[in-house]
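In what follows, a single structure is set out as structure tokens and then discussed.
Note that the structure is a prediction, hence the values are computed from the model and not measured.
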Amino acid sequence: MIARVYVGLKPGVLDPQGRTIAHSLNDLGFDEVQDAKQGKVIELTLSGDDREAAEARVKEMCETLLANTVIESYRIELDD
């Protein structure tokens, strides 16, 4: 089973990397870009086939290590 964890900054947290990406794209002529937010994707290969247990364990991983829940939010996707 594959778990993908999408981690990004919570609304209201400054995102200087996202701002730099948007400005750089504008400078390169991509004028339609109004904003950019940066984050990360973590892909985990898991043993077992119990989706509910896997989701609970990945959530525990996020709360323990993968996301700084003070300033970041996360979302989990599971694929077979």
Candidate pair D35 and K37, rule side chain to side chain contact (heavy atoms under 4.5 Å, CB included), full reasoning:
CA-CA 7 Å; D35 191 20; K37 298 187 183 335; 3.1 Å; yes
How about V58 and L46: do any of their side-chain heavy atoms sit closer than 4.5 Å?
yes
Enclosure of R19 CZ (heavy-atom neighbours >12, cutoff 6.0 Å):
no
Between A54 and M1 the two heavy atoms that sit nearest each other are CB-SD, 3.7 Å
Quick one: pull up SG in C62 and CD in E55 and give me the separation to the nearest 0.5 Å.
10.0 Å
Nearest atoms (heavy-atom pairs only) where T45 meets I2:
OG1-CD1, 3.5 Å
Is it the case that over 12 heavy atoms from other parts of the model lie below 6.0 angstrom from the CG atom of D49?
no
Grab the two heavy atoms, one from I42 and one from V7, that are nearest each other, plus how far apart they are.
CD1-CG2, 4.5 Å
Any salt bridge between D80 and R51, counting N to O under 4.0 Å?
yes
Salt-bridge test for R75 and E77: reply yes if a basic N is under 4.0 Å from a carboxylate O, no otherwise.
yes
Which heavy atom of L9 sits nearest a heavy atom of L14, and at what distance?
CD1-O, 3.5 Å
Please report the interatomic distance CG(L44) to CZ(R4), rounded to the nearest 0.5 Å.
10.0 Å
Side chain N26, main chain F30, donor-acceptor under 3.5 Å
yes
A quick test of your reading: do over 12 heavy atoms of other residues, nucleotides or ligands sit less than 6.0 Å from CD of Q34?
no
Evaluate K59 against I76 for side chain to side chain contact (heavy atoms under 4.5 Å, CB included), listing each step before the verdict.
CA-CA 8 Å; K59 183 176 179 181; I76 300 166; 4.1 Å; yes
Backbone of T69 reached by a side-chain donor or acceptor of K10 within 3.5 Å:
yes
Should the heavy atoms of other residues, nucleotides or ligands under 6.0 Å from CD of E43 be counted, would the total exceed 12?
yes
Transitive ILVMFWY side-chain link L66 to V41, under 4.5 Å
no
Donor-acceptor pair, side chain of E60 and main chain of A56, under 3.5 angstrom
no
